[in-house]
Amino acid sequence: MDVFALREQLVQDYRHYAESFLKINTLTVLRWDAPEDLREKVLEVLADELGLESPDDVDGFAKACGGSEYNGHVYFWPKRDDADGAAARIEHWQILAPVRAHAHGVRELNRFIQRHFREQTREWARSRDRKIPKPLGAEEILWGDKVISVQNESWRPVYPKENALRYIANGDIGVVVGQFKTKAMAKAPWKAEVEFAGQEGYVYDYRHNDFGEDAPPLELAYALTVHKAQGSEFGRTILVIPNPCRILSRELLYTALTRQRERVTLLYQGDPLDLMRFASPAYSQTAGRLTNLFTAPDLVETSSETFLGRGLIHTTSRGDVVRSKSEAIIAELLHARGIDHAYERKLTFDDGSFRYPDFTIEDHDLGRTIYWEHLGMLGDSVYAERWERKRQWYSDHGVVEYPASGESVLVWTRDDEHGGIDNQQIAALIDELFG
């Protein structure tokens with residue numbers, strides 16, 4: 001999905017926001033406020049997305065992590081012959097967050113999920129008659145845990161050796177599938193064995209002395225940072241975003257929202273509609289990079305008190321940051337004629353629905369308000385369909401299309417088939433509208 005169409009989708013389904021959540025095909029948006037609220041929401045979403053009987057369904061969660069039921073118990077096995085192993089399902093879902101620290105970061109989310117669903121396994125791993133490895137490292141990684149490699153390794157023992165890749169990459173995700181004590185084993189398990197999603201049927205050995213305080217080879221992976229998930233794809237993702245979030249940008253948001261194949265659930269702290277601001281170039285990391293190699297950077301201070309490179313954004317002489325060159329041209333022509341205008345000002349009607357017109361112009365002389373939309377991608381069928389819905393929305397709320405007259409008037413212009421705009425034509429239209 002086009003994640004920057006998120007704003008339009010959020011707007012169109014705003015009536016459901018009154019119930020504190022929003023559902024749009026492959027996107028669900030939920031609000032959270034305090035850390036306790038976030039933990040409750042995470043469990044509810046996991047239960048819903050993973051098909052658990054309840055937020056306390058321990059066995060159901062284990063199966064969602066690749067476990068297989070046998071004689072009333074859930075076990076974790078690597079791939080055997082034609083039977084899939086645990087790693088075959090481990091990337092069917094993933095929790096993502098921008099940061100590692102704090103109650104909303106991946107460390108605390110991993111700790112919380114493990115304690116909630118795997119406490120019985122932890123007790124089993126510490127018992128005298130245990131059949132699984134002791135907890136590994138500071139995160140106390142357990143048999144059946146979802147883990148990620150945080151090192152590149154080519155030396156670690158692997159079984160079977162035949163045709164094994166013998167390489168583990170930083171970012172590989174897997175499941176701890178062993179050891180599990182059998183009658184043939186004289187003593188309790190002394191190592192953990194991990195099957196990775198990219199190497200099904202092969203298990204790599206991890207021992208307790210591998211887990212130093214500074215650089216453990218594995219970490220829990222129920223929750224990952226968005227940065228760590230770059231290049232990966234999961235069936236379903238749950239994205240946790242705090243507010244404020246210093247590192248959040250529209251590029252990071254785009255990366256996070258495109259890690260899924262099926263659907264994404266967005267858990268946002270506060271009003272989810274605040275995310276609309278990330279459609280602005282002012283929240284772009286790319287636009288904020290000073291990447292000129294041969295000339296000194298030309299900085300522009302925006303209305304949001306950030307500095308962006310002039311060549312990477314469109315800023316009007318009045319200081320407005322706009323999305324396209326065509327919009328910048330329209331803004332300059334309006335400004336040159338002394339016509340006051342607002343860029344992307346929220347328009348709300350009595351039924352609670354709203355949109356953000358490109359330009360809003362209060363024409364006090366004729367007692368009307370003009371909403372000007374400029375269309376830059378009508379050749380794209382999805383864009384064109386979205387525009388027709390927006391056009392109908394204007395009509396449904398009594399906004400008439402120019403040249404008809406009324407208190408609320410819609411004016412729309414478009415780029416030509418080559419993406420160009422006719423300055424003289426726009427200037428003539430302005431003169432026609434305002435004399």
Side-chain angles (χ1 to χ4, degrees), residues 2 4-5 7-8 11 250 276 279-282 284 286-287 298 300 302-303 308-347 355-435:
D2 177 4
F4 291 116
R7 186 184 74 171
E8 288 294 329
V11 165
R250 66 177 182 174
M276 290 179 182
S280 166
S284 168
T286 303
D298 183 6
V300 177
T302 71
S303 57
L308 304 175
R310 186 181 298 277
L312 298 175
I313 61 172
H314 307 289
T315 307
T316 69
S317 58
R318 201 176 70 166
D320 295 327
V321 177
V322 299
R323 299 175 189 277
S324 69
K325 291 180 180 178
S326 295
E327 290 178 343
I329 289 171
I330 294 171
E332 292 293 356
L333 290 171
L334 289 170
H335 183 58
R337 284 160 173 75
I339 300 169
D340 191 28
H341 58 278
Y343 182 68
E344 292 197 340
R345 188 173 74 187
K346 184 177 180 180
L347 168 61
R355 299 290 188 276
Y356 289 78
D358 289 338
F359 300 96
T360 301
I361 305 164
E362 301 290 349
D363 185 356
H364 299 293
D365 291 338
L366 296 181
R368 62 180 179 172
T369 301
I370 293 176
Y371 305 108
W372 188 323
E373 299 280 9
H374 184 77
L375 314 175
M377 298 172 58
L378 275 184
D380 182 283
S381 59
V382 175
Y383 181 97
E385 181 181 341
R386 193 161 65 241
W387 159 240
E388 288 302 326
R389 290 198 302 267
K390 190 173 187 180
R391 188 178 182 183
Q392 185 61 50
W393 177 84
Y394 278 117
S395 177
D396 291 343
H397 291 87
V399 181
V400 300
E401 289 194 21
Y402 184 77
S405 59
E407 293 183 0
S408 300
V409 179
L410 171 64
V411 173
W412 62 273
T413 51
R414 60 170 296 177
D415 285 349
D416 61 29
E417 61 272 19
H418 303 296
I421 184 172
D422 189 326
N423 292 31
Q424 292 182 346
Q425 194 175 63
I426 296 297
L429 176 58
I430 293 174
D431 290 340
E432 184 180 311
L433 282 167
F434 302 102

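- At least one side-chain heavy atom of Arg337 sits less than 4.5 Å from a side-chain heavy atom of Asp431.
- Atom-to-atom distance recorded for Leu410:CG and Tyr402:OH is 12.5 Å, nearest 0.5 angstrom.
- Put simply, the side chain of Trp393 reaches to within 4.5 Å of the side chain of Arg355, judged on heavy atoms.
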### Residue pair Leu375, Tyr383: steps toward the side chain to side chain contact (heavy atoms under 4.5 Å, CB included) verdict
CA-CA 9 Å; Leu375 314 175; Tyr383 181 97; 3.9 Å; yes
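- The distance from atom CG of Leu333 to atom CD1 of Ile421, rounded to the nearest 0.5 Å, is 8.0 Å.
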### Query
Could you walk me through whether Tyr371 and Phe359 pass the ring pair (Phe, Tyr, Trp, His ring centres under 6.0 Å) check?
CA-CA 6 Å; Tyr371 305 108; Phe359 300 96; over 10 Å; no
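- Side-chain contact check for Asn423 versus Ile329: some heavy-atom pair is nearer than 4.5 Å.
- Here the CD atom belonging to Glu332 is positioned 13.5 Å from the CD1 atom belonging to Ile426, to the nearest 0.5 angstrom.
- Note: Lys390 NZ to Glu385 CD = 15.0 Å, rounded to the nearest 0.5 Å.
- Counted within 6.0 Å of CD on Gln392, heavy atoms from surrounding residues, nucleotides or ligands total more than 12; the atom is thus considered enclosed.
- Between Tyr394 and Ser408, the closest side-chain pair of non-hydrogen atoms is not below 4.5 Å.
- Side chains of Tyr343 and Ile330 form no contact here, defined as non-hydrogen atoms less than 4.5 Å apart.
- Contact of the Gln425 side chain with the Thr413 side chain is not registered, since no non-hydrogen atoms from C-beta on lie closer than 4.5 Å.
- Between Val409 and the choices Leu433, Val400, Val399, the side-chain contact (heavy atoms from CB on, under 4.5 Å) rule is met once, by Val400.
- Atom CD of Glu401 sits in a crowded spot, with more than 12 heavy atoms from other residues, nucleotides or ligands closer than 6.0 Å.
- Of the inter-residue distances, the one linking Leu378 atom CG with Glu417 atom CD reads 11.5 Å to the nearest 0.5 angstrom.
- More than 12 heavy atoms of other residues, nucleotides or ligands sit less than 6.0 Å from atom CD of Glu362.
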### Query
Where do Ile339 and Ile430 land on the side chain to side chain contact (heavy atoms under 4.5 Å, CB included) test, with the steps shown first?
CA-CA 9 Å; Ile339 300 169; Ile430 293 174; 3.5 Å; yes
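- Residue Tyr356 holds its OH atom at 12.0 Å from CZ of Arg345, rounded to the nearest 0.5 Å.
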### Task
Kindly indicate, with the supporting measurements, whether the criterion side chain to side chain contact (heavy atoms under 4.5 Å, CB included) is fulfilled by His341 and Trp372.
CA-CA 10 Å; His341 58 278; Trp372 188 323; over 6 Å; no
